[in-house]
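Here is how names work: the chains are called A, B, and so on, in the same order as the sequence lines, proteins then strands, and each is numbered from 1.
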Amino acid sequence: MTELTASTAEEKALNFIEQIVEEDLRAGKHGGRVLTRFPPEPNGYLHIGHAKSICLNFGVAQKYGGGTNLRFDDTNPVTEDTEYVESIKNDVQWLGFHWKEERYASDYFDKLYELATLLVQKGLAYVDDLPAEQMATLKGTPTEPGTNSPYRNRTVTENLELFEGMKNGQFAEGSRTLRAKIDMAAPNMLLRDPILYRIKFAHHHRTGDKWCIYPMYDFAHGQSDAIEQITHSICTMEFVPHRDLYDWCIENLGIFPSKQYEFSRLNLSYTVMSKRKLLQLVNDAHVKSWDDPRMPTLSGMRRRGYTPQAVRGFCERIGITKNENLIDVGLLEFCVREHLNKIALRRMVVLDPLKVVITNYPETQLEICHSENNPEDPESGTREVLFGRELYIEREDFMENPPKNFFRLAVGKMVRLKSAYIIQCNEVLKDTDGNVTELRCSYVENSKSSQDTSGINVKGTLHWVAAQTALPVEVRLYDRLFQVENPSAEEGDFKDYLNPNSLQVITAYAEPALQTDAADAKIQFMRKGYFYKDSDSTPDKLVFNRTVGLKDNWAKVATKA
RNA sequence: UGGCUGAUGGUGUAAUGGCAGCACAGAAGUUUUUGGUACUUUUAGUUGAGGUUCGAGUCCUUGUCGGCCAACCA
């Protein structure tokens, strides 16, 4: 059995990154060592797109007996903060991965400065006094070559002095930069004398006020990889043009030859995935916070009740390629249901109550029924639920004029109340507006679950709660954040396409067990969906987030009719 | 108009010159005290045109279409 699973696992096709790693291993590269890194910038929260990268980086290393460093790419002190560092570490751990070492690009600022000096000495970098606007003009366009800066031919000595002056805070912010001397006519715009260092009198979350010059991404990332001796530096496709620079630095600095490989980032339907846009949603209060359950952030998904297993399973299924993609959010939801179905406790909660009176049941009697906690897991045992004369059922489980294939309640029809009795509806009570206010039913005395001798077969089974014991709870029903599949691809502002009904708050009536269930229990409200207790809950008022609804075939049938 | 990069069912992903497969979604059915789960069956695909080859999704030529690149962001 184990052998079978092992061989099936081996049969799963390798993605192109794994193929590269296997080739390198076969060739004996780096002595068979594999070391990757996950390099977030601590300027926002991690989202499901990062999860794809995390699973790839940690997954590949794990698979080939290597390790993964967690490295914060903290070279821009203006936008970065320790708050983000903590959330990122928390999210990576939540996903179930363990980094080999925790590093920061800022750990290497001294070394980076030294390397920059080396470049200057080799005549491959110079200090430029051009203001930003003029530099942009001289840069040219993709179709027209740029023009050399008038400062391009300063002597090594002068450059060395000026660069040191930059470091010592002798020049104003923005007044000077250190640039690589490559080729202002290069077809790749990034090779047109890219900026290596800029002056910023900003407080850094780790180095404080030690530095007033900070390296750019291109002069920090590859070098950090080299310092850590990363063997495979995996990033997303936007960085493909940077690879030329990455390799240029390694070659001219003579440092460890890490290699960069690119895969395409994840796009998910009905949401946005850029930190800039997510930050806007938070700042403009379209959502409550970074961990709002509607957000595609890992913290949002965690709060919503998604599990790490589900997220990892999703990342496994979507694969790794260089193709532009837009993954159906339905696939994510499938993965969530798949896991939750196996582990969630079943509970009965009525979201939209309709009162039912069992007219032939004693007034004050409450009767114990037993119901399984999870039919998928025999180990999970059973719990007690109380049956009584007055109950609530779901309003949508009753119809006055039902179609022939409606298996639920209607006048004259019978249904099973889950884990309790079969009942028959005898009468409908309405208010003056004609709204149904109450159902009068009778129960079949010898039809109790597990001791049913009635011989009656019913098509439908409903969830219910006894009115007397019903616990009111707040339930937050979430819908997709946006109304269109790909908000970023639409005309105008992406925020114009927000779904105004992405959150609906209701009061539901729950069986009492919910009160004592563990705070982090994953729960299925039977026939409705998976729910998870929100951190806003208090002892007086429980709050539940709908993680995802159950697949609902009846809804499909009903809308078709 | 330059450079880079990509194109396989509705979506995502396999195939490494040799039977186009898998998953999600869709459809039909079986089971079911959740119209859930499970199980069975099924619809649907190689970007166009040429070429090489016994044989092309794969190699070559040439179109078409998508994405990325002109922050002192990463």
Next on the checklist: Taking B:G9 as the reference, what is the distance to B:A20 when you measure between their C1' atoms (whole Å, please)?
Outcome noted: 11 Å
Next on the checklist: For a quick check of understanding: with a heavy-atom distance under 4.0 Å over all strands, which category does A:Arg192 fall into, base, sugar-phosphate or nothing?
Outcome noted: nothing
Checklist entry - Can you check whether A:Asn405 has a side-chain N or O nearer than 4.0 Å to OP1 or OP2 of B:G35? => result no
Checklist entry - Quick one: is A:Thr75 getting a side-chain N or O under 4.0 Å of the B:A74 phosphate, OP1 or OP2? => result yes
Next on the checklist: Is there a side-chain contact between A:Arg527 and the phosphate of B:G35, meaning an N or O under 4.0 Å from OP1 or OP2?
Outcome noted: yes
Next on the checklist: OP1 or OP2 of B:C73 versus the side-chain N and O atoms of A:Lys200: is any pair under 4.0 Å?
Outcome noted: yes
Next on the checklist: Does a side-chain N or O of A:Asn323 approach OP1 or OP2 of B:U13 to a distance below 4.0 Å, or not?
Outcome noted: yes
Next on the checklist: Using atom C1' in both nucleotides, what's the gap between B:C19 and B:U31 to the nearest angstrom?
Outcome noted: 34 Å
Next on the checklist: Classify A:Lys342 by what it touches in the nucleic acid, base, sugar-phosphate, or nothing, heavy-atom distance under 4.0 Å.
Outcome noted: nothing
Next on the checklist: Considering every strand and a 4.0 Å limit on heavy-atom distances, what is the contact class for A:Ile422: base, sugar-phosphate, or nothing?
Outcome noted: nothing
Next on the checklist: Taking any heavy-atom pair under 4.0 Å as a contact, classify A:Arg346: base, sugar-phosphate, or nothing.
Outcome noted: base
Checklist entry - Under 4.0 angstrom, heavy atoms only, what part of the nucleic acid is A:Glu41 near: base, sugar-phosphate, or nothing? => result sugar-phosphate
Checklist entry - Given B:A71, B:U34, B:G2, which nucleotide is nearest the side-chain atoms of A:Pro187? => result B:G2
Next on the checklist: With a 4.0 Å limit, can you tell me whether A:Lys459 has a side-chain N or O closer than that to the phosphate oxygens OP1/OP2 of B:U32?
Outcome noted: no
Checklist entry - Under 4.0 Å: is that the gap between some side-chain N or O of A:Thr79 and OP1 or OP2 of B:C73? => result no
Checklist entry - Can you find a heavy atom in the side chain of A:Ile182 that is under 4.5 Å from one in the side chain of A:Arg192? => result no
Checklist entry - Would you say A:His205 and A:Pro42 make side-chain contact, with heavy atoms under 4.5 Å? => result yes
Next on the checklist: Regarding A:Phe239, tell me which of base, sugar-phosphate or nothing describes its non-hydrogen contacts under 4.0 Å with the strands shown.
Outcome noted: base
Next on the checklist: At 4.0 Å (heavy atoms only), tell me whether A:Met237 reaches a base, stays on the sugar-phosphate, or touches nothing.
Outcome noted: sugar-phosphate
Checklist entry - NA contact type, A:Leu326, heavy-atom cut-off 4.0 Å: base, sugar-phosphate, or nothing? => result sugar-phosphate
Next on the checklist: Looking only at side-chain N and O atoms, does A:His339 offer a donor or acceptor that is under 3.5 Å from a partner on A:Thr307?
Outcome noted: yes
Checklist entry - If you look at every strand shown and take non-hydrogen atoms under 4.0 Å, does A:Lys418 touch a base, only sugar-phosphate, or nothing? => result base
Item to check | RNA chain B base-pair string [pairs: Watson-Crick or G-U under 3.5 Å; |: paired with another strand] | outcome: .((((((..((((....[..)))).(((((.......)))))....(((((..]....))))))))))).....
Next on the checklist: Nearest to the side chain of A:Arg317, heavy atoms from C-beta on, is which of B:G2, B:A23, B:C72?
Outcome noted: B:A23
Checklist entry - Ring of A:Trp554 versus six-membered ring of B:G35: centres under 5.5 Å and planes under 30°? => result yes
Checklist entry - Do A:Arg346 and A:Asn374 have side-chain N/O donor and acceptor atoms under 3.5 Å apart? => result yes
Item to check | Candidate nucleotides B:C72, B:C69, B:A27, ranked by approach to the side chain of A:Ala132 - the nearest | outcome: B:C72
Checklist outcome for this item: Of the candidates B:A70, B:A74, B:G2, the side chain of A:Thr143 sits closest to B:G2
Item to check | Close side-chain approach of A:Leu196 to A:Arg179, heavy-atom, < 4.5 Å | outcome: no
Item to check | Atom C1', compared across B:A7 and B:G48: separation rounded to whole Å | outcome: 12 Å
Checklist entry - Whole-Å distance between B:A74 P and A:Gln260 CD? => result 15 Å
Item to check | N or O in side chain of A:Lys12 less than 4.0 angstrom from B:A23 OP1/OP2 | outcome: no
Checklist entry - Rounding to a whole Å, what distance do you find between A:Arg179:CZ and B:A71:C1'? => result 13 Å
Next on the checklist: Categorize A:Ile195 for me: base, sugar-phosphate, or nothing, with a 4.0 angstrom heavy-atom threshold over every strand shown.
Outcome noted: base
Checklist outcome for this item: From CG of A:Leu14 across to P of B:U13 the rounded distance in Å is 16 Å
Next on the checklist: For a quick check of understanding: with a heavy-atom distance under 4.0 Å over all strands, which category does A:His242 fall into, base, sugar-phosphate or nothing?
Outcome noted: base
Item to check | Heavy-atom pair of closest approach, residues A:Ala410 and A:Phe398 | outcome: CA-CE1, 3.7 Å
Item to check | Side chains of A:Ser233 and A:Arg37, donor plus acceptor under 3.5 Å | outcome: yes
Next on the checklist: Pairing donors with acceptors under 3.5 angstrom, does anything connect the side chains of A:His463 and A:Glu394?
Outcome noted: yes
Next on the checklist: Nearest to the A:Glu324 side chain among B:U34, B:G67, B:U33, which nucleotide is it?
Outcome noted: B:G67
Checklist entry - Would you call A:Arg527 and A:Asp552 a salt bridge, taking side-chain N to carboxylate O under 4.0 Å as the test? => result no
Checklist entry - Side chain of A:Ala13: nearest nucleotide among B:G2, B:A74, B:A14? => result B:A14
Checklist entry - How far, in whole Å, is B:C22 from B:G55 if one measures between their C1' atoms? => result 25 Å
Item to check | P-based separation of B:G18 from B:C73 [nearest Å] | outcome: 50 Å
Next on the checklist: Once you apply a heavy-atom cut-off of 4.0 Å, does A:Phe406 come out as touching a base, just sugar-phosphate, or nothing?
Outcome noted: base
Checklist entry - Using the purine O4'-C1'-N9-C4 or pyrimidine O4'-C1'-N1-C2 torsion, is B:A71 syn (within 90° of 0) or anti? => result syn
Checklist entry - Which comes earlier along RNA chain B counting from the 5' end, the contact point of A:Asn341 or that of A:Asn43, where each point is its nearest nucleotide? => result A:Asn341
Next on the checklist: Measuring to OP1 and OP2 of B:A74, would you say a side-chain N or O of A:Arg198 lies under 4.0 angstrom away?
Outcome noted: yes
Checklist entry - Which sits closer to the 5' end of RNA chain B, A:Asp218 or A:Lys322, going by the nucleotide each is nearest to? => result A:Lys322
Next on the checklist: What I'd like to find out is whether the side chain of A:Lys528 reaches to under 4.5 Å of the side chain of A:Leu550, using heavy atoms alone.
Outcome noted: no
Next on the checklist: Using a 4.0 Å heavy-atom cut-off, does A:Phe334 contact any base of the nucleic acid, only the sugar-phosphate backbone, or nothing at all?
Outcome noted: sugar-phosphate
Next on the checklist: Between B:U46 and B:U58, how far apart are the two P atoms, rounded to whole Å?
Outcome noted: 13 Å
Checklist entry - Are any non-hydrogen side-chain atoms of A:Glu333 and A:Asp328 less than 4.5 angstrom apart? => result no
Next on the checklist: Counting the atoms with a prime plus P, OP1 and OP2 as sugar-phosphate, which does A:Arg416 contact under 4.0 Å by heavy atoms, base, sugar-phosphate, or nothing?
Outcome noted: base
Next on the checklist: What's the gap between B:U8 and B:G57 when it is taken at their C1' atoms, as a whole Å value?
Outcome noted: 7 Å
Next on the checklist: Taking only the C1' atom of each, what is the distance from B:A74 to B:U11 in whole angstrom?
Outcome noted: 30 Å
